[in-house]
Structures are given as C-alpha cells and as structure tokens.
Amino acid sequence: MSELHFYNSYTRQKEKFVSITPGYAGLYVCGPTVSGESHMGHARPYITFDVVQRYLKYLGYKVRYVRNITDAGHFEEEGREAVDKVDEKAKLEKLEPMELVQKYTNLFHHAFHLFNCDDPAIEPTATGHIIEQITMIETILEKGYAYVVNGSVYFDVKKYAENYPYGKLSGRILEDQLETTRDLDGQDEKRNKVDFALWKSAPPQHLMRWKSPWGEGFPGWHIECSAMSSKYLGDVFDIHGGGMDLQFPHHESEIAQSTIAHGHSPVRYWMHNNMITINGKKMGRSYNNIIKLSELFSGSHPLLDQPYHPMVIRFYILQTHYRSTLDFSNEALQASERALRRLWEAYEILQKLTHKGNAEAEDKDLDAKVITFCRECDDFMNDDFNSAKVIANLFEMAPVVNGIKGGQVSPGALASGTFLLLKTTFQVFLEDILGLQPMQATQSGKLDNVLSLLIDIRKDAKKRKDFATSDQIRNKLAEAGVMLKDEKDGTVSYTIE
RNA sequence: GGUCGGAUGGCCGAGUGGCUAGGCUCAGCUCUGCAAAAGCUGCUACAGCGGUUCGAAUCCGCUUUCGACCUCCA
C-alpha cells in the first residue's frame, strides 16, 4: 500500500507525512469566531479536517485533534477605532459577551454534530487562555521582537523579516507590503503598517477586558492560536489546518510569533482548504452573500429551492477536492442528494447481501476490477486526501452490488474474499473515513406497523388485479411522502422523505 | 497596482504527457400490471493562439477571462 502524502502549503508541494512522534499525530485547526451563526463556508474546513483526522486514525495514528473557539473578538486595526466583533454584537443583542459566545458556540456544536463531525480532543477557548497568551507576549517582548505603545503591544515584523523568512507561507515579500502600504494615518501607533497587535489596550466602553502587564486590554487575534496550539500540541507539531483565507495574515503571523517565542517554526505541515463560492464569489460575511447552516437545513433562504440534509452538504463537499473552490448551486446540491441516495442504498443492499461461499471467482475480470477499485481507495486518500476519487470508485462498484441483487450479476461472480473486501471497503470508507450517515431517521415501530398493514392490503388488491386500489394506496402514500417500491422478489420496500 | 490560483462535455466536478474519472440531467432498451428502483447502451469535453514532443486537456510562452489574498473572514 502507498503511504500518506499531502500538499504542504508551506513548501508548496506534496510531501510524505512523517509524524514527529511515531504513531502519534497532532492536528490543530483554526476554529470559528463565535460572534455569529455559522454559514455554509464554515462547513468546508471542519468537514475537510474531520476527514483528515478520521483518516489519520484509520492509518493507526493516535490523533490529538485540537480546534479552538475564538470567543474574544478580533478588531479592525486600521482606519477607524478598534471594533471588537464580539463586543459589538453583544451590545446589539443585549447579551453579556460570554452569553453571546456561548449561544453561538452551542449552535456551532449542534450544526457540526448534524454533519457527523467528530468532536476535537481539545477545544480550547481564547478567553480561557489569557494567561498563556500574556506569557507568550512577554517572551516575545523579552526577545526584543515586540514593543509597547499606550498599553498595546505590537509585533515588530520588519525586524523579524531581517532575520527570518517572513512571508514564505503566504508568498509575500515584505518590501512590497511596506511600499504598497505607505499611506499611514497619523493616528497609528505601529512603527510599520505591517506590524500586528499582540495585545490591544481596551477603550473604556469595551466590555471584554483583562488585566495585563500593559494595562487592561484584550489579546490580538493571532496570538491565541500560537499560545493554545503550543500548549496542547507542543512547540512543534505535525499539522496545522484552516481556510486559505487565513494564510495571511493569520498563519503568517502565527509562524512569526512562535518562531520568536520558541526559537523555531511551529508547524511541520500546513494545510489549507479552498473556499466555497456563490456565483463565483467567495461566500463570506463581508460579501453579504452567506447562507447560514440553519437556513440550509430548513430551506429558508431566498436562494434555496429546498432544504438540504446535512449529509448532502457533507457529501457535496467531499465530492470535490479540498484544494479546489466549490461553487454553490441548487442544481449541484440536488445532484449530490440523488447521488448520495443511490450510493447509500447500494451500501445498505451490500450489507444485507450474503455470499454463496465460492472461493474462486466466477467472473475473473469483474473480480479483478473490484479488487483494484477497493485497493485504489487507499491510494487516493494517501494522495492528498482525494475523497472525490474515492467516491468515484465507490460509484464504480455500486452497479456490481445492485447487479447482484437485481440478478444481472451472478451471486458467485466475485470470490468470497473479494466480496468481503467489497463490503469492508464500503463500510470503512463511507462511514469511518468519509463520515457519512444514513439520511433517513430510523422510523418508529408504530409507523412500521401502519405501513405494513397498508402494504398487505395493497398486496391483496394486486393479487386480485385490482390495480386501481393498489395504485391509489401507492399514490396517496407518495403524496404523504412515503415512496413504495415493488421489489423483484415480491416484497415491498419504502422510503420516507 | 502587487502576489497567487483557475478556465474541462447540458450542469457539477476528478485528473495523468499517449489507455475516453465519477455524479446529475437527457435519450433508448431490459425488467415490471403500471410506476419507481435497478441493469445495459448512447451523448467523448478540456478558453483562444503559438511552441516543445512521435504524441498534450495534461509541459512552455502569449492572449482573453474569472477569482482569491494584500482589512475581518473558514
């Protein structure tokens, strides 16, 4: 079997994954800012890295998955006065800031449970790690790479860039940055516009504030991830993930801070997922084009033709490689819904099928094909987590499964070992690695009883060739959202929408 | 303006220098009382123009065009 390789944004090439401690893998993913409801764009990273995390576990790694909650607001540094989004929103919603962030943290958790994302092993909050952040800032000050102005602390990027490769991750050249940003307004406390805040002095009306050696204030955005990732994963850890839009300045700043504080770069492998777009444009709060997850699940958004099940969204995201943009459209989502339904049905059929036990395949060609399709799934995941190709292979095998059930493929076409491999591959990749689940909630026994009564009545009608009655039952049930299906063997199955 | 990344069949989307991913839609056929489902078959694309090559959608150059980042952003 091949070995895991994936694209490292830092080196801009695919690299073989070698963990720092054999058998263990540390993964840090930038979590959400909980000043508002999560939208569709947020689904991309957390589903992507959920699969990464699942796959590492599948490979046998003990994974420590850390994903933070940013519950201390960031602030706009340039132009007007600092605006803290949490602070601002709390005032708007007339909530205590911690009340606000709790509310949106809860909503976030709820949504991602619906997506069947595993909970991270540790989910640290920014406000719970103020001391760690202050300590780290102090270290950076001691090393001479930060300066204090009016109770705020700024990181000296220019000085850093003289000694370290600043801009490598995001492909930026400091000189360009300095040149294109010459027009500072006189108010700016920073020595250079490229500098960023480690700690910000809080204006009097600011609700979220903590005591620090530099007066009351609040931490800068970038420092929380550095402080928390190093606390739980160490000064150097394996993988850091997040959206591409965080590459600069967030991740670039993380590297700079940690490099000074700890003496070396913090991360071995950087991974960045691409954006979800809508009409070709990135979906984002500032573009005013977001579709909230709650709206997606309920269908309550002008752009939505219908509600979409969380599993449809998950499948839709995994059908595309994580480094490609993914454009939203109802057509695409509906295609995913049908596709997932078909694939899942084949999977359920497969789990119920039994093999007749022949050790030798009756159809050698088909047998060999199936073995190849199964084995390739591992190779595809090992090649930069290519879930799109895994799904394509599963679809290749669906007709084999359906064919066995429908009689077009002989029950002994595959050798018993291959049949078992097929079963295992579907189960492992679909459920364990891609993290998909059935869309249909398990029905209550009572409804089952009612339906089987109707099905029996209809069977009698069919026996008597009373198709008017049998069709009436089927049609009326369909109107009520229950689809009946006459199987080849005379049984009747149904699905509930 | 700077940096970077895309442009693939009706739609969504993989992708490797040569062997037509996959999904959805559509059409035909098989099965079926009918339907649905399923199976089979068909629809063979890579923005344009040059170049490298025996051969390029895949490599290079130019053009057109879309986007991301350079402020908060997943």
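Sequence lines set the chain letters: A, B, ... in the order given, protein chains first and strands last, and positions in each chain run from 1.
With sequence neighbours excluded, the residues that form a ring pair (Phe, Tyr, Trp, His ring centres under 6.0 Å) with F112(A) are Y46(A), F108(A), F115(A).
Aromatic ring orientation, H251(A) versus H272(A): tilted (interplanar angle from 30° to 60°).
Straight-line distance from the CZ atom of F328(A) to the P atom of rA74(B): 19 Å, rounded to whole Å. If you take NZ of K168(A) and P of rC69(B), they are 23 Å apart, rounded to a whole angstrom. Atom CG in N330(A) sits about 22 Å away from atom P in rG23(B), given to the nearest Å.
When atom types are taken as modelled, the side chain of Q133(A) and the backbone of A126(A) share a donor-acceptor pair closer than 3.5 angstrom. A donor-acceptor distance shorter than 3.5 angstrom exists from the side chain of N382(A) to the backbone of S2(A), with no hydrogens or angles considered. Formation of a donor-acceptor pair under 3.5 Å by the N274(A) side chain with backbone atoms of R323(A) is found in this model.
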Identify each atom pair where a protein N or O and an N or O of nucleotides 3-8 of chain B are less than 3.5 Å apart, giving names and distance.
residue: rU3(B); atom: O2'; partner: G171(A); partner atom: O; Å: 3.1

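Annotation: of the two residues near RNA chain B, M275(A) and E331(A), the 5′-most nearest-nucleotide partner is E331(A). Of the two residues contacting RNA chain B, namely I391(A) and H39(A), the nearest-nucleotide position lying further toward the 5' end is that of I391(A).
No engagement by Q334(A) is indicated, since no non-hydrogen atom pair under 4.0 Å with the nucleic acid exists. K389(A) comes within 4.0 angstrom of the backbone, heavy atoms only, and of no base.
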Legend entry - Secondary-structure notation, RNA chain B, from Watson-Crick and G-U pairs under 3.5 angstrom (| other strand): (((((((..(((.....[...))).(((((.......)))))....(((((..]....))))))))))))....
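Comparing the same atom, C1', in rC31(B) and in rC40(B) gives a spacing of 11 Å after rounding to whole Å.
Checked against K282(A) for a side chain to side chain donor-acceptor pair (under 3.5 Å), the options N289(A), T277(A), D245(A) give a single hit: D245(A). R458(A) pairs in a salt bridge (Lys or Arg N to Asp or Glu O under 4.0 Å) with only one of the listed residues (D471(A), D466(A), D486(A)), which is D486(A).
Taking a centre distance below 5.5 Å and an interplanar angle below 30 degrees as the stacking criterion, F467(A) stacks against the six-membered base ring of rG33(B).
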